[in-house]
Amino acid sequence: MKRVVVGLSGGVDSSVTAHLLKEQGYEVIGLFMKNWHDDTVTISDECPWLEDSNDAMIVAEKLGIPFQTVDLSEQYKVRIVDYMFNEYEKGRTPNPDVLCNREIKFDVFMDIALSLGADYVATGHYCRKAEEIIDGKPVYKLLGGKDTNKDQSYFLCQLSQKQLSKALFPIGELTKPEVREIAKEADLITADKKDSQGLCFIGKVRLPDFLQQKLQPKEGVIIQIPSDFEGYNRSVTQFENKEAELAYFSTKFVYTKEDGKVVGKHQGAHYFTKGQRKGLAVGGTKEPLFVIETDVDENVIYTGEGKNHKGLYRNVLFVSNEELHWVRKDLALKSGETLEVEGRIRYRQKLEKAMLHKVEKGLYVEFDNPQSAIQEGQFVAWYKEEELLGSGVIS
């Protein structure tokens with residue numbers, strides 16, 4: 001009998017995951033990950049992890065499976081929280097959920113599971129796994145979830161073959177309503193529980209409040225850049241080669257204070273991210289203002305009016321070799337090679353046609369259509385049909 005450790009989070013998805021595995025005849029163990037209890041970073045008086053671990057325990061009892069809580073807050077602090085503060089200070093926007101899966105759920109947590117004699121680790125992600133024998137060896141594929149509305153493969157875009165070989169995603173074939181239905185039939189208390197928001201496992205946290213704990217407020221100006229800013233008329237000169245052209249179009253627009261007018265003040269450029277609309281508190285424009293760039297060194301936020309402002313759009317981005325990851329190592333491109341794919345730069349974005357260009361120092365992703373708010377530090381993931389082939393950090 002194969003043994004599976006399920007990360008029970010106290011939500012409906014992981015509850016149904018455990019229930020289905022039990023029905024399929026696996027020996028199931030439920031583990032709740034406690035990732036945060038640093039009271040110096042007070043978030044709110046509510047204590048979501050207590051409530052969640054309690055729900056997880058009740059579900060485990062109902063299913064008749066062993067249950068325990070593991071405290072991963074040390075590793076979480078070092079690998080996720082410190083990294084986040086570090087990235088924000090540099091003016092990049094990290095994606096804690098992607099990292100949490102790579103560093104915590106499928107690394108630290110997986111090690112604990114394997115030490116308990118588990119054959120697999122299962123999570124309540126809406127994605128699927130397939131296996132194919134290539135050159136006599138099993139190759140694991142990460143596929144999107146059947147519920148395209150809830151497809152969470154993007155969050156797992158940094159997993160390795162080794163991690164995938166041990167992973168199970170039992171609800172990947174189901175839609176969210178079906179999952180809730182199964183939970184009701186199995187009489188699980190999480191059946192109608194709302195989906196959790198906020199950081200992976202920290203629970204109910206508003207990012208600016210969280211960041212303010214560590215990054216000091218510092219007043220600066222908000223500049224509005226006109227839509228006819230001359231930098232947007234990039235004259236397409238003759239490039240000596242494709243790489244020079246890609247390098248040119250992947251470079252972000254550069255502004256100085258003189259390029260626009262001061263329209264307000266802010267409390268720290270590092271609290272803002274490209275594409276953000278809320279929190280600027282500037283009125284008097286016909287359409288809302290969006291952040292089009294932040295300068296953390298000069299502590300200036302540049303904004304543009306309306307979501308079609310040219311400063312929000314680019315169609316090429318770059319990933320350096322250090323931050324490039326292939327789930328399918330066997331399909332990794334060599335320098336000079338290209339590949340037609342579909343890509344996304346954020347969770348729940350619909351897949352967009354793109355071309356990958358591998359060069360000496362990294363990989364360019366060239367989208368057919370301009371993409372809004374390409375943000376350094378976020379992940380770009382690329383797919384062929386339903387399969388996620390690889391990903392990287394936008395530089």
Side-chain angles (χ1 to χ4, degrees), residues 83 87-88 90-99 102 153-158 225 229 231-232 234 236 239 241-255 272-276 290-296 302 304 307-328 331-384 388-395:
Y83 163 86
E87 287 283 278
Y88 274 103
K90 288 188 209 151
R92 302 202 338 168
T93 305
N95 189 316
D97 293 300
V98 172
L99 275 166
R102 182 184 81 191
S153 55
Y154 175 80
F155 288 138
L156 302 169
C157 68
Q158 287 277 299
I225 299 290
F229 169 65
Y232 298 148
R234 295 185 166 187
V236 180
F239 294 103
N241 55 28
K242 184 66 183 176
E243 188 175 339
E245 180 192 328
L246 290 165
Y248 178 75
F249 285 110
S250 69
T251 314
K252 58 187 191 175
F253 300 111
V254 177
Y255 309 100
F272 290 82
T273 176
K274 210 177 290 179
Q276 183 172 336
F290 288 83
V291 176
I292 56 174
E293 197 53 72
T294 59
D295 181 340
V296 290
Y302 294 101
K307 65 173 186 294
N308 294 324
H309 191 280
K310 285 197 176 117
L312 280 171
Y313 290 89
R314 286 212 318 266
N315 75 319
V316 185
L317 60 84
F318 180 69
V319 175
S320 71
N321 283 330
E322 297 74 58
E323 301 193 294
L324 177 59
H325 173 77
W326 290 89
V327 176
R328 289 288 305 273
L331 298 180
L333 298 179
K334 295 183 184 62
S335 196
E337 293 183 332
T338 59
L339 182 67
E340 260 182 67
V341 294
E342 291 185 300
R344 57 167 57 112
I345 55 171
R346 55 182 69 90
Y347 171 53
R348 294 192 81 151
Q349 178 192 19
K350 72 175 195 1
L351 289 169
E352 299 262 350
K353 281 198 157 77
M355 181 69 92
L356 303 181
H357 301 263
K358 182 72 183 78
V359 297
E360 247 348 281
K361 58 185 197 299
L363 179 87
Y364 286 102
V365 183
E366 180 184 25
F367 286 93
D368 287 11
N369 300 314
Q371 300 297 306
S372 173
I374 291 177
Q375 176 63 42
E376 305 84 81
Q378 290 280 16
F379 288 87
V380 55
W382 49 90
Y383 295 72
K384 200 88 179 156
L388 194 158
L389 303 180
S391 66
V393 180
I394 300 169
S395 60

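These values consider heavy atoms only, across backbone and side chains, with no hydrogens, waters or symmetry-generated copies.
- At a threshold of 4.5 Å between non-hydrogen side-chain atoms, the residues Tyr248 and Val316 do not count as touching.
- The nearest pair of heavy atoms linking Thr294 to Phe272 is CG2-O, 3.8 Å.
- Side-chain polar atoms of Gln378 and Thr93 form no donor-acceptor pair below 3.5 angstrom.
- Under the 4.5 Å side-chain criterion, counting only non-hydrogen atoms from C-beta, Val365 is not in contact with Ile345.
- With sequence neighbours left out, the salt bridge (Lys or Arg N to Asp or Glu O under 4.0 Å) criterion links Glu352 to Lys350.
- Residues Tyr88 and Val296 come closest through the heavy atom pair O-CG1, 4.4 Å.
- Among residues two or more places apart in sequence or in another chain, the salt bridge (Lys or Arg N to Asp or Glu O under 4.0 Å) test is passed with Lys90 by Glu87.
- Residue pairs meeting the salt bridge (charged side-chain N to carboxylate O under 4.0 Å, His left out) criterion with at least one partner in residues 334-346, sequence neighbours excluded, are Asp151-Arg344.
- Listed by first then second residue, pairs satisfying salt bridge (charged side-chain N to carboxylate O under 4.0 Å, His left out) with a partner in residues 370-381 read Lys252-Glu376, Lys274-Glu376, not counting sequence neighbours.
- Every residue meeting the salt bridge (Lys or Arg N to Asp or Glu O under 4.0 Å) condition with Glu245, not counting sequence neighbours, appears here in chain and number order: Lys242.
- A 4.5 Å side-chain heavy-atom check between Ser153 and Tyr383 finds at least one atom pair inside the cut-off.
- Shown here are the side chain to side chain contact (heavy atoms under 4.5 Å, CB included) partners of Tyr232, two or more places apart in sequence or in another chain: Ile225, Phe229, Phe253, Tyr255, Ile292, His309, Lys310.
- Sorted by first and then second residue, the ring-ring contact (aromatic ring centres under 6.0 Å, His included) pairs involving residues 349-378 (not counting sequence neighbours) are Phe318-Tyr364.
- Here the OH-CG distance, from Tyr83 to Leu99, works out to 5.0 Å after rounding to the nearest 0.5 Å.
- Looking at every heavy atom in both residues, Val380 comes nearest to Leu317 through CG1-CD1, 3.9 Å.
- Shown here are the side-chain hydrogen bond (donor to acceptor under 3.5 Å, both in side chains) partners of Thr251, two or more places apart in sequence or in another chain: there are none.
- The backbone N or O of Thr273 sits less than 3.5 Å from a side-chain atom of Gln276, completing a donor-acceptor pair.
- Applying the side chain to side chain contact (heavy atoms under 4.5 Å, CB included) rule to Asn321 yields the partners Leu324, Lys358; only residues at least two apart in sequence or on another chain are considered.
- Between the CG atom in Asn369 and the CG atom in Asn315 there is a gap of 8.5 Å [rounded to 0.5 Å].
- Side-chain contact between Arg328 and Lys384: absent, with no pair of heavy atoms (C-beta onward) separated by less than 4.5 Å.
- A search for salt bridge (Lys or Arg N to Asp or Glu O under 4.0 Å) contacts involving Lys361 returns Glu243, not counting sequence neighbours.
- Applying the side chain to side chain contact (heavy atoms under 4.5 Å, CB included) rule to Ala244 yields the partners Phe239, Glu240, Asn241; only residues at least two apart in sequence or on another chain are considered.
- Taking a 6.0 Å sphere around NZ of Lys307, one finds it holds 12 or fewer heavy atoms contributed by other residues, nucleotides or ligands.
- Of the residues listed (Leu363, Leu388, Leu351), the one engaging Trp382 in a side chain to side chain contact (heavy atoms under 4.5 Å, CB included) is Leu363, and it is the only one.
- Listed by chain and residue number, Asn95, Tyr154, Phe155, Cys157, Gln158, Phe379 satisfy the side chain to side chain contact (heavy atoms under 4.5 Å, CB included) test with Val98 (two or more places apart in sequence, or in another chain).
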Chi angles and distances behind the side-chain contact (heavy atoms from CB on, under 4.5 Å) call for Asn308, Tyr313
CA-CA 8 Å; Asn308 294 324; Tyr313 290 89; 3.9 Å; yes
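- Side chain of Ser391 to main chain of Ala381: no donor-acceptor pair is present (N/O by atom type, distance under 3.5 Å, no hydrogens or angles).
- Note that CG of Leu331 and CG of Leu356 are 11.0 Å apart. Values are rounded to the nearest 0.5 Å.
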